[in-house]
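Quick caveat, the model's predicted, so the values are computed rather than measured.
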Amino acid sequence: MGGDLASRAAKDATSTIPIVFSVGGDPIELGLVASLARPGGNLTGVTVFVAELVPKRLELLSELVPKARVFALLVNPNNPNTERIIRDVQEAARLKGVQLPILKASTESEIDTAFASLVQLQAGALVVHDDPFLINSRLDQLVALAVHHAVPAISGSREMAASGGLISYGASRTALYRQVGIYVGKILKGAAPADLPVQQPTRFELVVNLNTAKALGLIIPPSILARADEVIE
């Protein structure tokens with residue numbers, strides 16, 4: 001079961017059928033489990049640490065465009081983690097002494113409007129929240145608009161960087177989904193979700209697209225290239 005809202009809906013639908021989730025928020029705050037170590041009900045799974053990593057993406061982007069004084073943040077207002085993400089990234093922006101206008105989009109047309117406003121805001125770069133609607137449903141649109149507006153953009157999705165975005169940093173989705181599969185196998189063999197601890201990511205991936213950097217006229221600092229898990233040329 002993928003996504004915070006879908007996982008909560010599944011929990012509300014049944015208290016007996018085993019559910020293995022993959023969520024971006026805190027499973028305890030979402031009301032999915034009693035604790036990470038002992039979930040205690042019919043749900044267990046993995047958490048992706050979406051909110052915790054967004055401030056780190058702002059730091060990475062500031063290394064790429066150090067002269068930028070305005071960094072926009074694109075979020076889906078319907079995501080339950082949005083307010084926390086805004087609060088955390090605003091604090092990171094305050095510490096860096098940069099402005100952080102918030103762009104909100106939950107439809108295709110609102111994404112278009114958000115990107116159109118980047119020029120008026122004089123935003124030097126864009127941080128995209130790893131919301132399922134934005135990243136999964138509208139990935140091609142986001143990449144096309146970032147290219148069209150020549151804006152350096154970062155997200156937690158490797159797919160965004162691989163599709164033409166500039167850079168991504170986030171938990172390895174492959175490793176997390178492998179863990180989901182392992183848990184499904186254990187439950188099918190008789191294990192109880194209540195006894196399977198919620199797994200947290202241990203592997204994080206930094207992906208840089210050099211083709212996009214060249215198109216934007218950016219030189220990727222050696223410090224970032226040295227840390228990159230994958231460089232797309």
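Minimum interatomic distance between Leu139 and Ser163 (heavy atoms only, all atoms of both residues): CD2-OG, 4.0 Å. Considering all non-hydrogen atoms of both residues, Glu29 and Arg84 come closest at OE1-NH1, 4.5 Å. Considering all non-hydrogen atoms of both residues, Leu36 and Ile28 come closest at N-CD1, 4.0 Å. In terms of heavy atoms, Leu166 sits closest to Pro152 at CD2-CB, 3.6 Å. Summarising the geometry of Arg69 relative to Gly97, their closest heavy-atom pair is NH2-O, 3.0 Å, with the distance given to 0.1 Å. Of all heavy-atom pairs between Ala114 and Leu103, the closest is O-CD1, 3.5 Å.
Between Asn42 and Ile19, some side-chain heavy-atom pair lies under the 4.5 Å cut-off. Annotation: side chain of Leu30 is not in contact with side chain of Phe21 (no heavy-atom distance under 4.5 Å). Side-chain contact between Leu60 and Arg227 is present, with at least one heavy-atom pair separated by less than 4.5 Å. You'll find the side chain of Pro201 stays beyond 4.5 Å of the side chain of Val48, heavy atoms only. Between Asp88 and Ile85 the shortest side-chain heavy-atom distance does not fall below 4.5 Å. In this structure, the side chains of Ile135 and Ser155 come closer than 4.5 Å at one or more pairs of heavy atoms. Looking at Arg94 and Glu91, their side chains come closer than 4.5 Å, going by heavy atoms from C-beta outward. With a 4.5 Å cut-off on side-chain heavy atoms, Pro77 and Ser106 count as touching.
Atom OH of Tyr169 and atom CG of Leu53 lie 6.0 Å apart (nearest 0.5 Å). Rounding to the nearest 0.5 angstrom, the gap separating the CD1 atom in Ile86 from the CG atom in Asn81 is 11.0 Å. Separation of atoms OG1 (Thr113) and CG (Leu118) is listed at 11.0 Å; rounding is to 0.5 Å. A distance of 11.5 Å separates OG1 of Thr82 from CZ of Arg87, quoted to the nearest 0.5 Å. Between atom CD1 of residue Ile167 and atom CZ of residue Arg57 there is a gap of 10.5 Å, rounded to the nearest 0.5 Å. Summarising the geometry, atom CG belonging to Asn209 is positioned 12.0 Å from atom NZ belonging to Lys214; distances are rounded to the nearest 0.5 Å.
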side-chain contact (heavy atoms from CB on, under 4.5 Å) between Asn79 and Leu134: does it pass, once the steps are laid out? CA-CA 10 Å; Asn79 188 295; Leu134 295 174; over 6 Å; no

Taking it one step at a time, do Leu74 and Leu142 satisfy side-chain contact (heavy atoms from CB on, under 4.5 Å)? CA-CA 10 Å; Leu74 178 63; Leu142 289 174; 3.7 Å; yes

Run the side-chain contact (heavy atoms from CB on, under 4.5 Å) test on Ile102 and Gln90 for me, step by step, so that the C-alpha distance in whole Å, both residues' side-chain angles and the decisive distance to 0.1 Å come before the verdict. CA-CA 9 Å; Ile102 308 301; Gln90 283 178 330; 4.1 Å; yes

Report the C-alpha separation of Gln199 and Tyr183 in whole Å, then their side-chain angles, then the decisive distance to 0.1 Å, and conclude whether the side-chain contact (heavy atoms from CB on, under 4.5 Å) test is met. CA-CA 10 Å; Gln199 296 293 309; Tyr183 268 10; 3.0 Å; yes

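A donor and an acceptor atom, one from each side chain of Ser172 and Thr174, are nowhere located under 3.5 Å apart.
Counting non-hydrogen atoms of neighbouring residues, nucleotides and ligands closer than 6.0 angstrom, the CZ atom of Arg38 reaches no more than 12 such neighbours. Annotation for Glu59: atom CD counts as buried by contact number, over 12 foreign heavy atoms lying within 6.0 Å. Atom CG of Leu188 has more than 12 neighbouring heavy atoms from other residues, nucleotides or ligands inside a 6.0 Å radius.
No chain of hydrophobic side-chain contacts below 4.5 Å, direct or via other Ile, Leu, Val, Met, Phe, Trp or Tyr residues, connects Val151 to Leu216. Cluster membership for Val208 and Val143, using ILVMFWY side-chain heavy atoms within less than 4.5 angstrom, is not shared. Cluster membership check: Val127 does not share its hydrophobic cluster with Leu145, using side-chain heavy-atom separations under 4.5 Å among Ile, Leu, Val, Met, Phe, Trp and Tyr. One hydrophobic cluster, built from ILVMFWY side chains closer than 4.5 Å, holds both Phe71 and Leu73. When the side chains of ILVMFWY residues are joined at heavy-atom separations under 4.5 Å, either directly or via intervening members, Ile232 and Phe204 end up in two distinct hydrophobic clusters.
Checking side-chain atoms of Glu63 against main-chain N and O of Ile224 turns up no donor-acceptor pair under 3.5 Å.
Ion pair Glu110/Lys104 not flagged as a salt bridge, since none of the NZ, NE, NH1 or NH2 atoms sits closer than 4.0 Å to an Asp/Glu carboxylate oxygen.
Among residue pairs with one or both ends in residues 156-168, those qualifying as salt bridge (Lys or Arg N to Asp or Glu O under 4.0 Å) are Arg158-Glu230; sequence neighbours excluded.
For the side-chain contact (heavy atoms from CB on, under 4.5 Å) test with Leu196, the passing option among Ile182, Leu43, Val20, Thr44 is Thr44; the others fail.
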